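Numbered from 1 within each chain, the chains take letters A, B, ... in sequence-line order. Just so it is clear, the structure is predicted and the values come from calculations on it, not from any experiment.
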Amino acid sequence: MTNSVDGAAVSAYASKLHIPRASSRPGETSDFQSLAIPPAGSLRQPPLDVSPQDTADLAHGMVRVLDDEGRAVGAWAPELTPRQLRAGLRHMLHVRAYDERMFRMQRQGKLSFYMKCTGEEAVAVAQAMALEDGDMLFPTYRQQGLLFVRGRPLVDMMCHCISNAGDNLKGRQMPVFYSWKQGNFFSISGNLATQYSQAVGWAMASAYKGEDHIAAAWVGDGSTAEADVHNAMLFAATYRAPVLLNVVNNQWAISTPQSFASTGTTFAARGLGFNIPSLRVDGNDFLAVYAVTRWAAARARAGHGPTFVELFTYRVEGHSTSDNPAGYRSSDEAAAWPLGDPIERLKQHLVNLGEWSDEQHTALAAELQASVAGDWKRAIALGTLEDGPHWPVESMFEDVFKEIPEHLRRQQEKVRAKS
Amino acid sequence: MTNSVDGAAVSAYASKLHIPRASSRPGETSDFQSLAIPPAGSLRQPPLDVSPQDTADLAHGMVRVLDDEGRAVGAWAPELTPRQLRAGLRHMLHVRAYDERMFRMQRQGKLSFYMKCTGEEAVAVAQAMALEDGDMLFPTYRQQGLLFVRGRPLVDMMCHCISNAGDNLKGRQMPVFYSWKQGNFFSISGNLATQYSQAVGWAMASAYKGEDHIAAAWVGDGSTAEADVHNAMLFAATYRAPVLLNVVNNQWAISTPQSFASTGTTFAARGLGFNIPSLRVDGNDFLAVYAVTRWAAARARAGHGPTFVELFTYRVEGHSTSDNPAGYRSSDEAAAWPLGDPIERLKQHLVNLGEWSDEQHTALAAELQASVAGDWKRAIALGTLEDGPHWPVESMFEDVFKEIPEHLRRQQEKVRAKS
Amino acid sequence: MTAMSMVQAINSALDCTMGRDPNVLVMGQDVGYFGGVFRCTEGLYQKYGAHRALDTPIAEGGIVAAAIGMGVNGLRPVVEMQFADYIYPAIDQIISELARLRHRSGGEFWAPVVVRAPSGGGIRGGQTHSQSPEGIFTHVCGLKTVMPSNPYDAKGLLISAIEDDDPVIFFEPKRIYNGPFYGHNAGGGRARTWAEHPAGEVPEGHYSIPLGKANVLRQGTEVTVLSYGTMVHVAEAAIEHSGVDAELIDLRTLLPLDIETIVESVEKTGRCVVIHEATRTSGFGAELVAEVQEECFWHLKAPIERVTGWDTPYPHAFEWEYFPSHERISDALRRAAACD
Amino acid sequence: MTAMSMVQAINSALDCTMGRDPNVLVMGQDVGYFGGVFRCTEGLYQKYGAHRALDTPIAEGGIVAAAIGMGVNGLRPVVEMQFADYIYPAIDQIISELARLRHRSGGEFWAPVVVRAPSGGGIRGGQTHSQSPEGIFTHVCGLKTVMPSNPYDAKGLLISAIEDDDPVIFFEPKRIYNGPFYGHNAGGGRARTWAEHPAGEVPEGHYSIPLGKANVLRQGTEVTVLSYGTMVHVAEAAIEHSGVDAELIDLRTLLPLDIETIVESVEKTGRCVVIHEATRTSGFGAELVAEVQEECFWHLKAPIERVTGWDTPYPHAFEWEYFPSHERISDALRRAAACD
Ligand SMILES: Cc1ncc(C[n+]2csc(CCOP(=O)(O)OP(=O)(O)O)c2C)c(N)n1
Ligand SMILES: Cc1ncc(C[n+]2csc(CCOP(=O)(O)OP(=O)(O)O)c2C)c(N)n1
Ligand SMILES: [Mg+2]
Ligand SMILES: [Mg+2]
């Protein structure tokens with residue numbers, strides 16, 4: 001028996017195993033045309049106490065507010081002032097400028113690693129703006145925008161990324177695995193999805209204490225496959241925890257297409273199976289993301305429990321500085337992505353409103369680039385990865401436990417004696 | 001701030017945490033009246049290539065064939081000869097006789113532990129009859145009926161349960177954790193739900209090899225909470241594995257009601273979120289269980305992938321010999337269970353058909369009790385738990401690896417020297 | 001003081017801490033309404049409410065994850081694993097998250113979670129209700145690992161664990177939940193219930209036993225015996241049976257280890273035998289041997305021996321042959337004492 | 001013979017076994033179309049098809065479970081964990097199922113699964129891309145645990161692992177995927193790529209190195225050094241640096257352990273130093289020390305020392321201070337050699 005796959009292989013079995021397909025592989029044209037994208041404004045906004053099964057149309061459809069002309073249309077159009085919209089635009093541009101700078105610095109060897117969120121800026125920025133400061137954020141490495149909205153100094157973020165003496169994580173974590181207690185931004189784990197079920201516990205504790213704070217958690221399309229996501233949904237639904245469970249479907253998980261996690265339907269649909277109201281939203285539509293997040297947060301705060309939200313977007317760049325997407329997807333995919341660029345779309349909306357112009361946009365982008373460059377200088381003044389100053393080496397023995405136990409103190413002494 | 005729960009406790013917080021309720025607690029009346037049980041015959045049978053989302057009515061409804069008068073009605077009524085029906089009845093009665101005997105033997109100290117499936121006999125018996133011998137079974141401890149249909153000698157099952165010299169598991173496993181390679185019955189694990197995702201791998205291998213055998217797996221309502229169930233559903237859907245994924249919802253997981261796992265909807269609904277055709281079936285209705293299993297198996301064999309089936313039933317007895325259900329549920333629950341007893345219902349159907357009588361039934365029950373008693377005598381003739389003969393003690397060092405490595409051989413020598 | 005079994009002492013520790021601190025809660029499978037399959041949480045639901053004696057889905061990983069989130073939000077969750085054998089689905093959350101959170105966040109976040117887990121064999125539980133996985137957890141930096149051997153210690157150590165700001169894995173040797181156990185050929189005139197044993201006398205109120213302090217249960221001159229949990233009692237019986245004048249140390253906390261007490265004893269006796277139920281290879285006994293030989297090398301008169309469970313799964317029919325027996329322990333003691 | 005890096009040697013082992021046996025497949029995250037983030041499965045998808053170089057969802061527990069089911073159904077799955085740090089979500093399936101299946105079923109069922117996992121530090125991966133969890137797996141009866149230190153061994157051992165009917169956890173020290181590594185102050189005239197190193201000469205065809213056999217890399221008289229993986233090379237450099245005439249043993253397989261070779265050497269040298277990257281407490285080094293002191297007690301002239309990673313998470317900024325360095329190893333060797 002022979003079995004030819006991809007015109008090359010020979011094996012003894014005639015396999016009947018189904019293997020999901022990618023939106024494209026190098027040399028192919030992406031199949032994004034086949035995506036069913038509903039027109040902006042076509043979906044209704046249900047009441048806060050909607051029954052989960054009554055959100056099926058929202059889970060299989062897609063909440064969109066900005067139409068092709070940049071107008072905000074339909075029931076989901078949020079009440080946002082031009083000032084707020086400009087703040088959102090500024091944050092997104094700021095994130096992009098930061099990402100570009102840091103990526104370049106990695107290429108120059110100043111960072112060991114970096115991860116951009118290009119094309120996905122609306123997710124974190126609009127969501128952070130829609131939440132309250134007291135709400136606890138359990139992000140992945142691709143929601144750096146949350147920190148911008150919450151006001152974290154970029155110098156501090158940079159210091160973390162270069163593990164210098166100014167790093168609040170004391171040189172312990174790889175770049176981009178931020179933690180910022182003051183901003184209610186949870187320590188990012190290297191282990192995918194673990195934060196998702198922790199967020200539910202945090203929200204359960206909030207309800208236990210009778211408080212009104214909610215938790216919000218993020219996970220990527222590929223990471224939805226992890227057991228923690230199952231645990232999170234089960235516990236959130238069981239205890240009606242005040243939590244917002246987000247899936248950022250940017251179509252790829254390193255080289256693996258979303259089809260290896262989506263089972264051929266929307267991610268949002270999975271929430272329905274756990275009896276959680278679930279929606280899919282155009283993740284490149286700042287207004288739609290903002291509106292859906294507001295709605296979900298209001299539900300949680302009103303005691304209606306969790307909401308499951310799929311943010312439909314696209315990872316425009318490689319997975320990280322260690323990745324080479326040309327090895328596994330067509331180079332024209334990003335251009336073929338039908339939902340555009342979130343910055344361009346919000347800009348168009350503001351220009352339409354007469355609240356923004358190309359000139360202002362260009363000036364702002366330049367201003368932010370300069371500001372990021374200044375921040376970088378201030379950060380490296382506090383130390384570089386290769387040459388320091390770093391935290392003292394002996395500090396690695398701290399925080400393993402609250403107090404250093406005797407056996408660690410002895411190990412610490414050995415290091416101290418050498419340095 | 002005080003917070004009184006169950007009229008007793010005092011705490012500093014006014015908790016807002018939602019806690020699911022039980023169908024009853026001791027002293028309460030069960031809430032089974034509120035269950036929405038569709039009439040027999042009311043649901044349609046879709047084509048084998050049905051799209052998952054088109055099974056929503058079946059996942060939220062309940063496939064039932066036997067009506068209150070014991071007639072087989074509707075599109076799901078299977079083609080079963082009176083001979084087959086009588087065989088099913090016989091197997092169920094046999095299982096019940098076996099369970100009763102073994103339970104009593106445990107109470108007399110002859111077994112360390114036992115678990116009955118009283119009230120749930122139709123699940124395993126009808127499903128095994130609906131599958132092919134070459135199909136691989138990945139059961140829990142509550143599908144002993146599978147072994148009866150596949151023809152395992154009861155003496156062998158008993159020998160396993162008393163760990164004697166005739167135990168095919170060589171005294172290693174607790175009672176009821178059967179394994180029977182010859183009958184394509186997978187080794188039961190003490191760890192809940194692990195077999196569920198293994199079954200999917202087995203089915204994937206079947207497809208990989210181009211074979212037609214399918215796998216069937218079972219898990220309890222409580223065990224659906226385990227991550228393995230998520231993994232199973234995800235992999236089954238992703239690779240369209242030829243597997244039948246069953247959830248036996250017997251309403252309880254030791255003392256924990258199904259509401260701590262069901263998230264307020266049906267278990268079958270969860271399958272829809274993974275884009276798997278999903279059905280709920282009256283688990284005490286032999287004909288409905290048979291029909292649904294046939295249909296799902298035919299789907300898998302035809303290359304349409306997995307089916308997710310919730311079998312709605314009731315655990316009439318305690319969880320195991322270590323359990324005391326009076327401590328956590330009303331003693332009238334079993335009587336209040338609205339779907340009756342599977343044996344009585346199949347008997348009524350056969351009697352209606354003129355293919356069975358009360359006298360025959362009584363005689364068969366007596367015959368099977370006697371036969372089980374005879375089997376028990378033959379089993380203990382091969383050794384008892386306390387007095388043996390058992391396998392030689394040194395045999396515990398075998399099968400850790402295929403060949404005994406040196407360090408184990410040395411340990412084995414020490415044991416041998418003593419015995 | 002009241003006579004308490006280990007189950008009652010654990011229940012009392014939970015009751016005391018829950019009564020003093022509204023942030024303490026217990027959670028796990030069947031721990032709420034029913035009071036736990038081993039009855040350790042009996043009455044807490046009725047006294048403190050459904051949210052403080054919290055029944056959970058059967059998802060060990062989800063339970064620990066939720067507990068971590070709760071811990072980060074100011075609570076002190078005490079998680080019950082129904083059996084230590086079922087802790088593995090939670091091990092990623094324990095190792096990658098619970099143990100590492102304080103360090104990786106530069107001290108910004110931590111979760112004071114206690115994971116209680118009935119462990120060990122001797123109840124005919126077969127391979128999935130008998131395991132002793134403590135060694136694994138002692139290899140994970142950031143975790144404290146505890147195993148008491150009697151009701152008095154159980155209560156005092158559990159209270160310390162709950163009040164500790166670090167995560168603690170608290171193994172409860174289920175064979176001695178309701179009475180001490182001295183090996184296969186039980187008793188020999190010894191206590192059969194905790195009510196007959198001095199360590200079954202337990203104060204009703206709050207007290208604590210510091211983590212990281214071993215207990216010298218028997219003074220001796222010839223051999224130092226290191227053990228914990230159920231095996232402490234088996235060792236005690238075996239020592240008498242052997243006629244060797246051994247010093248018996250109940251470690252109580254495995255990590256941080258009370259190496260000082262151990263070294264002091266071995267420097268005196270010059271010999272050491274390590275006993276545990278867990279499988280031998282890479283068990284915690286290996287760490288004990290490694291430390292003792294490094295610290296006390298120049299005092300050692302005999303090789304340090306380990307008497308442990310065999311490197312096989314725990315077999316249903318051969319519990320007593322698997323368990324380190326009097327005979328095996330006595331032999332090791334005599335072999336050690338014979339060296340000079 | 002061809003010059004191969006360790007990545008290429010692993011790829012070649014997979015290719016050889018897949019070519020010979022249609023039941024062998026590789027599976028894991030990004031291992032299919034893309035060929036793996038470390039490139040170990042490059043080209044296999046194109047050569048053998050999507051079902052034999054199988055991309056999977058990001059669910060380590062699901063991957064191993066599926067592999068077990070496949071193994072039971074006659075296949076020989078080789079699973080890749082993207083990093084050893086991410087093996088924990090699969091640990092329940094590995095410990096409770098894969099390792100136990102043959103025993104618990106009385107020999108009826110087994111699953112010949114290999115789990116490959118890039119482990120160890122030195123690539124600036126921080127605490128979640130640098131761990132060395134091998135010690136945990138050596139405590140689990142029913143598993144074989146392997147870690148090669150060079151391309152030639154990697155290929156020969158991996159072929160043995162795939163052809164073995166027992167489950168094997170196969171750790172690949174990622175720091176030396178593309179070339180040997182001698183510690184922080186690299187090289188010193190030594191090979192920088194595998195092409196410059198004798199063990200980078202690898203036959204293209206099928207060959208195997210038996211599991212359970214250690215390799216004496218350097219004969220010596222003063223101290224026996226036990227190590228595996230990346231640390232073998234650091235130890236080699238440190239031995240030269242120290243001036244101590246040490247015998248260096250590359251264990252290759254941790255379980256089953258080649259205790260004979262070890263004992264023979266320690267009986268000759270009378271001294272032993274154990275080196276690994278993993279955290280110290282309850283690491284595999286503890287087992288080595290425990291075994292050696294028990295077997296060779298009467299030959300020992302010095303305490304056996306462990307030189308290991310510290311008992312902290314692996315820190316991004318302090319990789320070299322964490323790694324057992326030349327200095328720490330040399331010090332230990334000299335201390336040992338000084339004892340008599
Ligand atoms: C438990 C675990 N398994 C594997 C990895 C390796 N890994 C890091 S990122 C990644 C892909 C994640 O994809 P997705 O969830 O879609 O998020 P995205 O990167 O697209 O934002 C993988 C497999 C990991 N970090 N943790
Ligand atoms: C991983 C794991 N966690 C916990 C247990 C303990 N346990 C054994 S049976 C059981 C309840 C299972 O309930 P369900 O899945 O509804 O099956 P049923 O007993 O009702 O058939 C529990 C919690 C276990 N065996 N394995
Ligand atoms: Mg993604
Ligand atoms: Mg149940």
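In this structure, A/R240 places its CZ atom where only 12 or fewer heavy-atom neighbours from other residues, nucleotides or ligands lie under 6.0 Å away. Counting non-hydrogen atoms of neighbouring residues, nucleotides and ligands closer than 6.0 angstrom, the CZ atom of A/R44 exceeds 12 such neighbours.
Top candidate by heavy-atom pairs under 4.5 Å with chain B, chosen from A/A237, A/A225, A/A269, is A/A225. Among the candidates B/P242, B/A268, B/G264, the residue making the largest number of heavy-atom pairs closer than 4.5 Å to chain A is B/G264. Contact tally against chain A (heavy-atom pairs below 4.5 Å) for B/G305, B/A227, B/G271: the top residue is B/A227. Of all the listed residues (A/R270, A/E226, A/M233), the one sharing the greatest number of non-hydrogen pairs under 4.5 Å with chain B is A/R270.
Atom CE of A/M204 is separated from atom NE2 of B/H18 by 11.0 Å, given to the nearest 0.5 angstrom. One distance of note links NZ of A/K209 with OG of B/S15; it measures 12.0 Å at 0.5 Å rounding. With rounding to the nearest 0.5 angstrom, the CG atom of B/L234 is 11.0 Å from the CZ atom of A/F260. Interatomic distance, A/I276 CD1 to B/T263 OG1, rounded to the nearest 0.5 Å: 7.5 Å.
In this structure, chain A has a heavy atom under 4.5 Å from the backbone of B/E211, while its side chain stays farther away. Proximity to chain B (any heavy atom under 4.5 Å) is restricted, for A/Q53, to the side chain, taken from C-beta onward. Proximity to chain B is absent for every atom of A/S278, based on heavy atoms less than 4.5 angstrom apart.
Classified by interplanar angle (parallel below 30°, tilted 30° to 60°, perpendicular above 60°), the ring pair B/H230/A/H230 is tilted.
Closest non-hydrogen pair, A/G273 versus B/T265, comes out as O-CG2, 4.0 Å.
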